[in-house]
Amino acid sequence: MAAQRQYWLIKSEPDVFSIADLKRDKTTHWEGVRNYQARNHLAAMKKGDWALFYHSNADPPAAAGIAKVSREAYPDDAQFDPKSDYYDPRSDRAKPRWVRVDVGFVEQFKEPVSLATLKDDPALEGMLVIKKGMRLSVQPVTEAHFFHVCALAGSKRTSGA
DNA sequence: GCCAACGTTGGC
DNA sequence: GCCAACGTTGGC
């Protein structure tokens with residue numbers, strides 16, 4: 001039996017990189033994660049996993065679409081580049097501290113689901129993104145929560161097909 | 001722009 | 001190992 005698909009939520013500021021940018025580019029390197037817990041989630045991602053693409057620092061902040069993991073974790077080159085915003089002088093090439101994954105475009109929601117809507121929905125109780133002070137930029141999401149958000153967004157997706 | 005929440009750093 | 005200082009995230 002194939003391993004079960006996992007579900008995630010990944011945050012991006014749309015001014016920097018939005019779901020529309022992913023739609024245009026088809027695929028991107030998900031790099032620059034510099035938080036250990038988020039890094040550990042990246043490392044746990046498997047090819048074929050899906051992620052809610054969440055717009056943070058947006059008006060309103062919202063789940064904006066779906067991305068899928070197209071390449072599993074590998075070293076994030078930006079950590080070795082002194083000119084990069086994501087440079088980490090304490091990371092060692094022989095033992096890289098930070099990883100990135102590649103993600104591909106799946107869907108841009110016609111009706112993005114705002115944070116306020118997520119918070120108001122009893123079916124989403126316990127979802128990490130709606131917890132006060134939850135800044136984690138890569139989070140696990142349950143399958144039930146994932147598809148409930150899809151339904152709220154007007155997406156036809158109701159399963160992992 | 002403000003500021004609460006929270007992670008990281010570094011002195012001790 | 002504690003914890004104060006500091007930096008960042010991200011909603012509002």
Side-chain angles (χ1 to χ4, degrees), chain A residues 6-25 28-45 49-69 73-103 105-142 144-155:
Chain A
Q6 306 171 99
Y7 298 89
W8 308 93
L9 179 146
I10 55 180
K11 294 183 185 173
S12 182
E13 301 190 22
D15 290 348
V16 178
F17 191 82
S18 71
I19 186 71
D21 294 326
L22 182 59
K23 184 177 187 179
R24 180 196 63 214
D25 294 349
T28 194
H29 303 309
W30 206 263
E31 61 187 11
V33 170
R34 295 292 178 270
N35 167 285
Y36 290 105
Q37 203 178 347
R39 188 269 318 263
N40 293 343
H41 288 317
L42 282 184
M45 286 183 176
D49 285 359
W50 280 0
L52 291 169
F53 194 113
Y54 179 84
H55 284 169
S56 61
N57 267 321
D59 187 20
I66 302 172
K68 72 166 179 260
V69 177
Y74 61 106
D76 181 349
D77 285 344
Q79 68 196 306
F80 305 120
D81 178 1
K83 294 191 292 292
S84 169
D85 287 344
Y86 303 127
Y87 179 55
D88 184 347
R90 294 188 296 184
S91 187
D92 179 353
R93 272 192 186 275
K95 203 170 177 238
R97 180 179 295 203
W98 306 110
V99 298
R100 67 187 181 195
V101 299
D102 291 353
V103 300
F105 176 78
V106 175
E107 178 175 346
Q108 178 172 9
F109 290 149
K110 287 202 180 67
E111 305 165 47
V113 185
S114 73
L115 180 60
T117 301
L118 297 174
K119 282 180 171 174
D120 278 348
D121 195 323
L124 297 176
E125 191 178 350
M127 196 177 177
L128 292 177
V129 73
I130 63 181
K131 285 197 177 164
K132 186 168 151 65
M134 176 49 73
R135 302 181 310 177
L136 191 60
S137 62
V138 182
Q139 312 176 352
V141 174
T142 67
H145 286 168
F146 185 94
F147 288 110
H148 191 76
V149 173
C150 289
L152 293 174
S155 170

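Protein chains get the first letters and strands the later ones, always in sequence-line order, with residue 1 at the start of each.
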Chemist: Which residue, A/D102, A/D49, A/L42, forms the side-chain contact (heavy atoms from CB on, under 4.5 Å) with A/V69?
Modeler: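 When A/D102, A/D49, A/L42 are each tested with A/V69, the side-chain contact (heavy atoms from CB on, under 4.5 Å) holds only for A/D49.
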
Chemist: Quick one: do A/M127 and A/V149 satisfy side-chain contact (heavy atoms from CB on, under 4.5 Å)? Show the steps, please.
Modeler: CA-CA 11 Å; A/M127 196 177 177; A/V149 173; 4.1 Å; yes

Chemist: Listed by chain and number, what are the side-chain hydrogen bond (donor to acceptor under 3.5 Å, both in side chains) partners of A/R90, not counting sequence neighbours?
Modeler: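 For A/R90 there are no side-chain hydrogen bond (donor to acceptor under 3.5 Å, both in side chains) partners, ignoring immediate neighbours.
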
Chemist: Is A/K11 reaching over with its side chain to a backbone N or O of A/L136, donor-acceptor style, under 3.5 angstrom?
Modeler: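 A pair under 3.5 Å: yes.
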
Chemist: Expressed as a whole number of angstroms, how long is the span from A/I10:CD1 to C/dT9:P?
Modeler: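 A/I10 atom CD1 is separated from C/dT9 atom P by 16 Å.
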
Chemist: To the nearest 0.5 Å, what is the distance between CG (A/L128) and CE (A/M134)?
Modeler: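 Between atom CG of A/L128 and atom CE of A/M134 there are 5.0 Å.
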
Chemist: Is there a side-chain contact between A/K131 and the phosphate of C/dT9, meaning an N or O under 4.0 Å from OP1 or OP2?
Modeler: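 No.
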
Chemist: Take a 6.0 Å sphere around CG of A/D92 and say whether it holds more than 12 heavy atoms from other residues, nucleotides or ligands.
Modeler: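 Yes, the 6.0 Å shell around CG holds more than 12 heavy atoms from other groups.
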
Chemist: Would you tell me whether A/S56 and A/E13 have side-chain atoms, one donor and one acceptor, within less than 3.5 Å of each other?
Modeler: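 No pair is found: no donor N or O on one side chain lies under 3.5 Å from an acceptor on the other.
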
Chemist: With a 4.0 Å cut-off, would you call A/R100 and A/D77 a salt bridge?
Modeler: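 Looking at A/R100 and A/D77, the cut-off is met.
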
Chemist: Taking five pairs at each end of the helix from B/dG1-C/dC12 to B/dC12-C/dG1, what angle separates the two helix axes (nearest 10°)?
Modeler: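 Inter-axis angle at the ends, rounded: 10°.
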
Chemist: Can you tabulate the close N/O pairs, meaning under 3.5 Å, that link protein atoms to atoms of nucleotides 5-7 of chain B?
Modeler:
residue, atom, partner, partner atom, Å
B/dA5, OP1, A/K132, NZ, 3.4
B/dA5, N3, A/R135, NH1, 3.3
B/dC6, O2, A/R135, NH1, 3.0
B/dC6, O2, A/R135, NH2, 2.8
B/dG7, O4', A/R135, NH2, 3.3

Chemist: Check every atom of C/dC12, B/dG10, C/dG10 against the side chain of A/S137 and return the nucleotide holding the closest atom.
Modeler: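 Within the option list, the nearest is C/dG10.
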
Chemist: Donor-acceptor pair, A/D25 side chain versus A/T28 backbone, under 3.5 Å?
Modeler: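 The answer is no, because no donor-acceptor pair under 3.5 Å joins these two groups.
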
Chemist: Find the distance A/D120:CG to C/dG11:P and express it as a whole number of Å.
Modeler: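 About 15 Å, once rounded to whole Å.
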
Chemist: A/S114 side chain to A/P60 main-chain N or O, any donor-acceptor pair under 3.5 Å?
Modeler: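 No, because the side chain of A/S114 does not come within donor-acceptor range (under 3.5 Å) of the backbone of A/P60.
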
Chemist: Quick one: sort the A/W30 and A/F53 rings into parallel, tilted or perpendicular, breaks at 30° and 60°.
Modeler: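 Perpendicular: the ring planes of A/W30 and A/F53 meet at over 60°.
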
Chemist: For the pair made of OH in A/Y86 and P in C/dT8, what is the distance, rounded to whole Å?
Modeler: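 The distance from OH of A/Y86 to P of C/dT8 comes to 13 Å, rounded to the nearest Å.
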
Chemist: Would you call the rings of A/W50 and A/Y7 parallel, tilted or perpendicular, where under 30° means parallel and over 60° means perpendicular?
Modeler: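 A/W50 vs A/Y7 ring planes: perpendicular.
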
Chemist: For DNA chain C, determine which residues of residues 53-67 of chain A have any heavy atom closer than 4.0 angstrom to one of its atoms, and list them numerically.
Modeler: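 Heavy-atom contacts with DNA chain C come from A/Y54, A/S56, A/N57, A/P61.
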
Chemist: Between C/dG10 atom P and A/L118 atom CG, what is the distance in whole Å?
Modeler: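 Rounded to the whole Å, the gap is 15 Å.
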
Chemist: Name every residue in residues 12-21 of chain A that has at least one heavy atom under 4.0 Å from any atom of DNA chain C, in order of residue number, or write none if there are no such residues.
Modeler: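 Correct list: empty, so none.
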
Chemist: Nearest whole Å is fine: how far is C/dT9 P from A/R34 CZ?
Modeler: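 That distance rounds to 11 Å.
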
Chemist: Could you tell me which residues satisfy side-chain hydrogen bond (donor to acceptor under 3.5 Å, both in side chains) with A/R97, sequence neighbours excluded, listed by chain and number?
Modeler: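 A/R97: side-chain hydrogen bond (donor to acceptor under 3.5 Å, both in side chains) contacts with A/Y36.
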
